[in-house]
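Structure, as structure tokens:
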Amino acid sequence: MNALALEPLNERRSLRETVAEKLRAAIISGDLVEGELYSAPVLGEALGVSATPVREAMMDLTREGLVETIKNKGFRVTGMTDTELENIAAIRLLIEPEATRLAAENHTAANIAKLAQMAEVIIDAAQADDIDGYLSADRAFHHELMTPCGNAELVDLATSYRMRTRQYGLKSLMRERKLTTMAAEHLQMVKLMEQGDSTALHALLIKHISHARGFWNVGDPNDEVKRKD
């Protein structure tokens with residue numbers, strides 16, 4: 001089994017939520033390898049917590065489709081083929097730009113102010129090479145960006161597909177200092193929403209998701225990620 005590249009936790013919101021966020025980011029970025037079996041005690045030791053919150057967090061990730069429970073053994077990170085990744089990207093391209101376009105027509109000043117702050121958090125995380133922080137802030141931003149569309153079920157569906165998307169090339173983008181350019185697109189989104197330019201915002205979301213499909217869903221050879229054929 002590969003050594004676990006996980007840092008001990010420093011914050012304690014709900015411990016279950018904090019552990020789930022840490023493990024979710026590790027799965028999405030490829031630090032926890034597809035097909036690999038992990039036990040709660042081993043993960044807990046790597047994170048500096050007991051096995052109990054790890055088991056609780058893994059139950060949440062099981063419902064998200066990121067892991068599966070192996071009875072009396074632990075948890076296995078579910079695999080995802082290139083075709084499955086493409087299918088998820090195609091679904092995201094169908095629903096996220098449209099939800100965001102509708103949101104641009106119904107935004108509020110409070111919504112814009114919140115989004116602007118969230119966009120800065122994303123940029124800061126990208127500049128600091130903080131993968132966990134980037135993924136968490138990015139997901140929260142896009143959820144908030146779509147919320148004014150008025151269809152909570154659509155927003156939740158889009159967010160669930162975003163969480164399932166593997167982003168194996170994320171570390172490579174950070175090393176090459178390309179992630180900050182993509183992070184800056186979030187500020188452009190806020191500006192377009194503030195202007196009520198739903199057409200331009202729709203086009204930018206398509207470009208933004210296409211970045212994810214073109215760069216993040218490609219295995220990074222430096223990370224030795226195991227992929228299914």
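Heavy-atom basis, side chains included; hydrogens, waters and symmetry copies ignored.
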Output the distance between atom [atom1] ([X]) and atom [atom2] ([Y]), rounded to the nearest 0.5 Å.
X	Y	atom1	atom2	answer
Ile206	Leu201	CD1	CG	10.5 Å
Thr165	Arg139	OG1	CZ	11.5 Å
Lys73	Tyr38	NZ	OH	16.0 Å
Ile27	Thr78	CD1	OG1	7.0 Å
Leu135	Met163	CG	CE	12.0 Å
Leu204	His186	CG	NE2	9.0 Å

Can you find a pair of side-chain heavy atoms, one from [X] and one from [Y], that are under 4.5 Å apart?
X	Y	answer
Val77	Val33	no
Arg162	His143	no
Leu205	Leu145	yes
His202	Thr100	no
Leu43	Leu32	yes

Can you give me every donor-acceptor pair (side chain of residues 116-133, partner residue at least two apart or in another chain, under 3.5 Å) with its distance?
residue: Asp129; atom: OD1; partner: Arg177; partner atom: NH1; Å: 3.0
residue: Asp129; atom: OD2; partner: Arg177; partner atom: NH2; Å: 3.4
residue: Asp130; atom: OD1; partner: Asp132; partner atom: N; Å: 3.4
residue: Asp130; atom: OD1; partner: Gly133; partner atom: N; Å: 2.9
residue: Asp132; atom: OD2; partner: Lys22; partner atom: NZ; Å: 2.7

(message) If you compare all heavy atoms of His107 against all heavy atoms of Asn111, which two are closest, and at what distance to 0.1 Å?
(response) CB-OD1, 3.9 Å
(request) Search all heavy atoms of Ala57 against all heavy atoms of Leu23 and return the closest pair with its distance. (result) CB-CD1, 4.5 Å
Within one Ile-Leu-Val-Met-Phe-Trp-Tyr cluster: [X] and [Y], side-chain cutoff 4.5 Å:
X	Y	result
Leu115	Met146	no
Ile28	Tyr134	yes
Leu102	Leu157	no
Ile209	Val155	no

(request) Output yes when a side-chain donor or acceptor of Glu84 lies under 3.5 Å from a complementary backbone atom of Thr81, and no otherwise. (result) yes
Quick one: side chain to side chain contact (heavy atoms under 4.5 Å, CB included) partners of [X], sequence neighbours excluded?
X	answer
Asn151	Cys149, Glu153, Leu154
Arg76	Leu37, Glu68, Ile70
Leu94	none
Thr181	none

(request) Identify, with sequence neighbours excluded, every residue that meets salt bridge (Lys or Arg N to Asp or Glu O under 4.0 Å) alongside Glu64. (result) Arg24
(message) Tell me every residue that passes salt bridge (Lys or Arg N to Asp or Glu O under 4.0 Å) with Asp60, counting only those two or more places apart in sequence or in another chain.
(response) Arg16, Arg63
(request) Return each pair, listed once, that meets salt bridge (Lys or Arg N to Asp or Glu O under 4.0 Å) where at least one residue sits in residues 45-55; pairs must be two or more places apart or across chains. (result) none
N/O donor to acceptor pairs below 3.5 angstrom from side-chain atoms of residues 187-197, sequence neighbours left out:
residue: Asp197; atom: OD1; partner: Ala200; partner atom: N; Å: 3.1

(message) If the threshold is 4.0 Å, N to carboxylate O, is there a salt bridge linking Arg101 and Glu96?
(response) no
